[in-house]
Each structure stands twice: as structure tokens, then as C-alpha cells.
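Working notes, beginning with the structure itself.
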Amino acid sequence: MKLFIRSPGGELKEIELERKGYIVGRAKECDIVIPDPRVSSRHFFLTPRGAEWWVRDLGSTNGTFLNGRKISVSKIAEGDTLRVGQTLITVGKKESKEINRSLALQTTRMEALLAPPSSLDEAMRLHRHLEILCKVSKVLHSVQTLEEALEKTLDLIFQVLKADRGVIFLKEDEGFKKVAERRGEDDKSPLRISFTIVEEVFKKGESVITSDAMQDERFRNRKSVISSHIHSAMCVPLVGKENILGVIYTDTLLSKGVFKSEDLELLTIIGHQAGMAIENARLYEENLKKERLAGIGMAVAGMAHYVKNIIQGIKGGETLVDLGITQKKPLLLERGWDVVKKALGKVEDLVLNMLTYSKEREPIKTPVLLNELLEEVRQLFSERAKERGIILKGVYDPEVKTMMVDPMGIHRALTNLIINAIDAIGENGEIVISSQKIEEGVEIRVKDNGRGIPPEILPHLFTPFTSGKGMEGTGLGLAVTKKIVDEHKGEIRVESEVGKGTTFIISLPAQ
């Protein structure tokens, strides 16, 4: 596997990857150094897992983007493009066409901006343009959604130009559609746009400026120009990688100033940058939609299998109850009813987890003796653990006193951890619930000596509907536990070794 790294200045660096982990960032001690000021000192970690390669963001300031989508942990494959800061990285055997196209476009703009100035005024103009280009690039390259891209583009237009109105149109079928607009605070009149100018740019793909629209030969007989009292107007294309996505229109009214050629250059710069931002945002939203649909499908399939297993258990209990009644055997009745009760308990856990995960809520905190709450949960599951030959112990720090917590929430979080621990051990073993006072607050641990968690599952442990139990789990329990801990402004982490066991650690802050 190779990496092709393009710096903001256009330099290309090729790296052949060995089967080991790489820390990538701006710091000199990193395994792969990227001298980009927008790259963090330690930006992301690149590591092999079997035949695959994975990327994990290390809490970078500006984020790690895979094919236009911001990620925290993700698998990468040949042909993928990573962006960190203003640096583009291709994964695979050769540099991607997308990087080459993007680089060519940026180089053309930079060459125009960096042409030797012919005068002091020209030098000042170029300096201002460079400053604006950097600002526009920084703002628009950080957006993720289409709505954010449109909003930031209009913000930049009103910061850079003395415009009264600004409108963005995007291509739709055979025409175009207004998707965003902005007017000055004092402008209360109905917004009328010269579609004559918009159509001109949309058809030809060339920027248009008029310093006096009502006298301009191209527009002076058009009703839209006259009725709108447009004095000066500009319209530039929104340029994507391969085609025109739409246009940006802006104008001033009769009583205001006039746009100059310099203003048109600046708006054109914004149009090119905004076009790429809009394209990236659309790609991000499309990928997000696909992931959501795939996630919903997996969730429904997983839940269906889980519920099916519960129903089979209820049917088995029902059969035993029927036999106990017909044969008048109380022992069969007891066994059948016990099976039904356990199945109903699973249904209750599933419903409570679904309700907890689906609602955004503030925890209802009350003073709670935390050790007593932990012991209550331990006793609740002691019988179930005993049936499997599991020892369920409680070790509590006497320094842990009253805490302001949501008792129902913490009870639910611990319930999920203990159920997971019992399932992980299977038969015979030990689970220890403990509390410990620490400087920042209190630490709660649920430790088992079960089979442990494979390293490839650890990064996805708290992802909803992702279960390590196969069809025996819903993948909601740990996601719910993390949500409850987050609502308490706490943290949850896990320590695990395959074959030796797992420890979940909840840190709750002091009041």
C-alpha cells in the first residue's frame, strides 16, 4: 500500500507503507511528517488490521476527512482520498484524479494571483486577494453540510463586497432553483432578481458584471432590471470539479455604490471555492444517507433476530406450562414459568434501552448514596449470576459518600454492564463491582474474567446496533450506557485482553 501526499504548495511525496502503525502529523517526531500549518502535531493514527488499513483521528483541531466526510475511526482502501488541513492524501497504487483536478484548479488560481505586480496598487490588490483566498479556503473547506456551505458563502460575500443583496441558485433538472438569499438589514422591500443576468451566466458559464444595469445594452430593456431598480450587479458561476453547479448573484440598488472589476475577481474566487465546498457537502450528505439506511437495515435485522429468539424462549416456556397443566406436574409448571419470566425480562430490558437511547434528556439528579446504589444493582443480579456459577462481588470505597446523580440512569447503565459481563463469562467466573474516590470525583468499575473483547471490535464498542454477541444481542446496551454517562458529564472507557477479561470504568465528576 502507498500514500501519495500533496502539500498545499503542490509538492508530491510518495510513501510505501510497511505493516506497522504510523502516527501522522506536523510534529517532527511523527512517523509521517506533514508540514501543513492546519495539520495538528499528532493528527491521525494509521494502522494495519489483518489485511485492512484503518485511520483513527487523534483529536485533531481541524479534523480528518475521508472522501469528503469527517471521520473519527474508519477503514481505508485503495482509491480513497484523505484530507488533513490543506493537504490531500491518496491511498493506493497511484495518485487520484480528484487530487490532480483539484491541484490544477488551485494552481491556475494561484498563478493568476501570484503574477508579478506592475505597480504598487497592483501589489496591494494581489495581497488583498491572497488574504481573501486564504480566508475563503479556510472557511469553506471546513463545512460538512449543504446548508452550512450556502450560509458560509453568503457570509463571505457580505464580508468581502459592498453588496445589498446576495442570492445562490443551484442547478435543478433543466433549470435552476434559488436555495439561499441574504439582504442588508435596512432592505425591507420584496426581493426581485434579474433572471436575465442569472440565465446569461448559467448558460455561458462566464462571470458577468454591470456597473449600470439600466444603461447596459445587454439588460436595459429587461423588465426585471428596471422593476428591481438595480444599479450594479454581478453574477458568477459556482464551479464544481467537472461542471457548473449553479450561480451566485449579487447587486446594489440605485442609491448605492458600483461594483468594479476587482469585485468581480473576488466574487469569482468565492464562486470557485464555494462550488467545491457544495460538491463536498453533497458527497458527505449522500454518504451519510447511505450509512443511515444501511444502519437502519442492520438495526432492524438485528432486532428482528433478537426478538425472534425471545419469542422462541416464550414458546418453549409455554410448552412446558401446557405440559405441566395437562399432566398435573407442578415442577414442569415452575420450569415453564421461569423460562417465560426470563424472556419477559429481556423484553423489558430491550424496551427500556430503546426508550433511553431515543430520548434527549437532562438527568434528574438527586442526592444518592452511591455505594448503596451499586449494592442494590449487585443484589438484583446475584441470583442470575449464581445460577451460572458466577461469583458477583461488591468492593466499595468507604470514602465514596453522597453523589448528585440520576439514580434511574446510573442503575440502567450498570445493569447493561453487568448483563454484558454475565454473558461474557458464560459459566463459572467472577464479576467485581467496585467504587473508588478519585481527585476528579468517583470511579465505578465493572470487572470480569471472561473471554475479553477482540481488538477489532473495541473501536466500535459503543456504536449503536453493533453487537459482539451475534444474534444474542441488540447492540444497544453499551450505547445506552455511554449516553447516560455523557449526560452526567462523565467518561466511560474499557480495558480488555482476549482470554483474560474486561473492565469497564465509569468516571463521574465531583459536584
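Hydrogens, waters and symmetry mates are skipped; everything else that's a heavy atom, side chains included, is used.
- Between Val494 and Thr503, every side-chain heavy-atom pair lies at or beyond the 4.5 Å cut-off.
- From Ile505, atom CD1 reaches atom CZ of Arg445 across 4.0 Å, with rounding to the nearest 0.5 Å.
- At least one side-chain heavy atom of Arg282 sits less than 4.5 Å from a side-chain heavy atom of Leu170.
- The neighbour count for Lys13 NZ, taken as heavy atoms of other residues, nucleotides or ligands under 6.0 Å away, is above 12.
- The OG1 atom of Thr64 lies 7.5 Å from the CG atom of Leu58; values are rounded to the nearest 0.5 Å.
- Going from atom CG of Leu266 over to atom CD of Gln159 covers 12.5 Å, rounded to the nearest 0.5 Å.
- In terms of modelled atom types and a separation under 3.5 Å, the side chain of Thr250 and the main chain of Arg165 share a donor-acceptor contact.
- With rounding to the nearest 0.5 angstrom, the CZ atom of Arg6 is 8.5 Å from the CD atom of Glu11.
- The minimum heavy-atom distance linking Gly21 with Pro48 is given by the pair N-CD, 4.1 Å.
- Contact check for Tyr249 versus Val236: no side-chain heavy atoms found under the 4.5 Å cut-off.
- Side-chain atoms of Asp57 and Ser72 form no donor-acceptor pair, as typed in the model, at a separation below 3.5 Å.
- Minimum heavy-atom separation, Val33 to Lys28: CG2-O, 3.8 Å.
- Counting heavy atoms from C-beta on, the side chains of Leu46 and Ile76 come closer than 4.5 Å.
- With 3.5 Å as the limit, one finds a donor-acceptor pair spanning the side chains of Ser496 and Thr502.
- The closest side-chain heavy-atom distance from Leu12 to Phe4 is below 4.5 Å.
- Closest approach of Leu150 and Ala180 over heavy atoms only: CB-CB, 4.1 Å.
- Checked options Lys482, Lys483, Lys489; the residue passing with Asp486 is Lys482 (criterion: salt bridge (Lys or Arg N to Asp or Glu O under 4.0 Å)).
- Between Arg49 and Glu456 no salt bridge is recorded (no basic side-chain N to carboxylate O distance below 4.0 Å).
- Atom CD1 of Ile157 is separated from atom CG of Leu267 by 5.5 Å, given to the nearest 0.5 angstrom.
- Looking at every heavy atom in both residues, Asn428 comes nearest to Ile425 through O-CG2, 3.0 Å.
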Step-by-step side-chain contact (heavy atoms from CB on, under 4.5 Å) determination, Phe44 to Val39: CA-CA 10 Å; Phe44 69 84; Val39 170; over 6 Å; no
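- Remark: side-chain polar atoms of His43 are paired, donor with acceptor, to backbone N or O of Ser40 under 3.5 angstrom.
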Asp80 vs Leu66, side-chain contact (heavy atoms from CB on, under 4.5 Å): CA-CA, chis, key distance, verdict: CA-CA 7 Å; Asp80 284 341; Leu66 174 62; 3.7 Å; yes
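- Under the 3.5 Å distance criterion, the side-chain polar atoms of Asn67 are matched with a main-chain donor or acceptor of Thr81.
- Look at Glu151 and Arg182 and you find a salt bridge, because one of the NZ, NE, NH1 or NH2 atoms lies within 4.0 Å of a carboxylate O, short of that distance.
- The two residues Ile418 and Ile431 have their closest heavy-atom pair at O-CD1, 4.5 Å.
- Contact annotation: the side chain of Val442 never approaches that of Ile506 to less than 4.5 Å [non-hydrogen atoms, C-beta and beyond].
- Val73 places a side-chain heavy atom less than 4.5 Å from the side chain of Trp54.
- Of the possible donor and acceptor atoms, one in the side chain of Asp36 sits under 3.5 Å from a partner among the backbone N and O of Gln86.
- Asn449 places a side-chain N or O within 3.5 Å of a backbone atom of Glu430 that can act as its donor or acceptor partner.
- Between the side chain of Asn416 and the backbone N or O of Ala413, no donor-acceptor pair lies under 3.5 Å.
- Shown here for Asp406 and His488, the closest heavy-atom pair between the two residues is N-NE2, 3.0 Å.
- Between Lys2 and Glu14, at least one side-chain N (NZ, or NE/NH1/NH2) sits under 4.0 Å from a carboxylate O, which counts as a salt bridge.
- Side chains of Ile34 and Ile89 form a contact here, defined as non-hydrogen atoms less than 4.5 Å apart.
- In this structure, Glu497 does not pair ionically with Arg451, as no charged nitrogen and carboxylate oxygen lie closer than 4.0 Å.
- Separating the CD1 atom in Ile5 from the OG1 atom in Thr90 is a distance of 10.0 Å, to the nearest 0.5 Å.
- Counting heavy atoms of neighbouring residues, nucleotides and ligands inside a 6.0 Å radius, atom CD of Glu443 exceeds 12 of them.
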The test is side-chain contact (heavy atoms from CB on, under 4.5 Å); show your working for Phe169 and Lys177 and say whether it passes. CA-CA 5 Å; Phe169 296 89; Lys177 177 184 178 182; over 6 Å; no
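- Between Tyr22 and Trp53, the angle of the ring planes lies from 30° to 60°, which puts this pair in the tilted group.
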Can you check side-chain contact (heavy atoms from CB on, under 4.5 Å) on Val405 and Leu508, steps first, answer last? CA-CA 9 Å; Val405 297; Leu508 297 177; 4.1 Å; yes
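- Side-chain atoms of Ser207 and Thr268 include a donor-acceptor pair closer than 3.5 Å.
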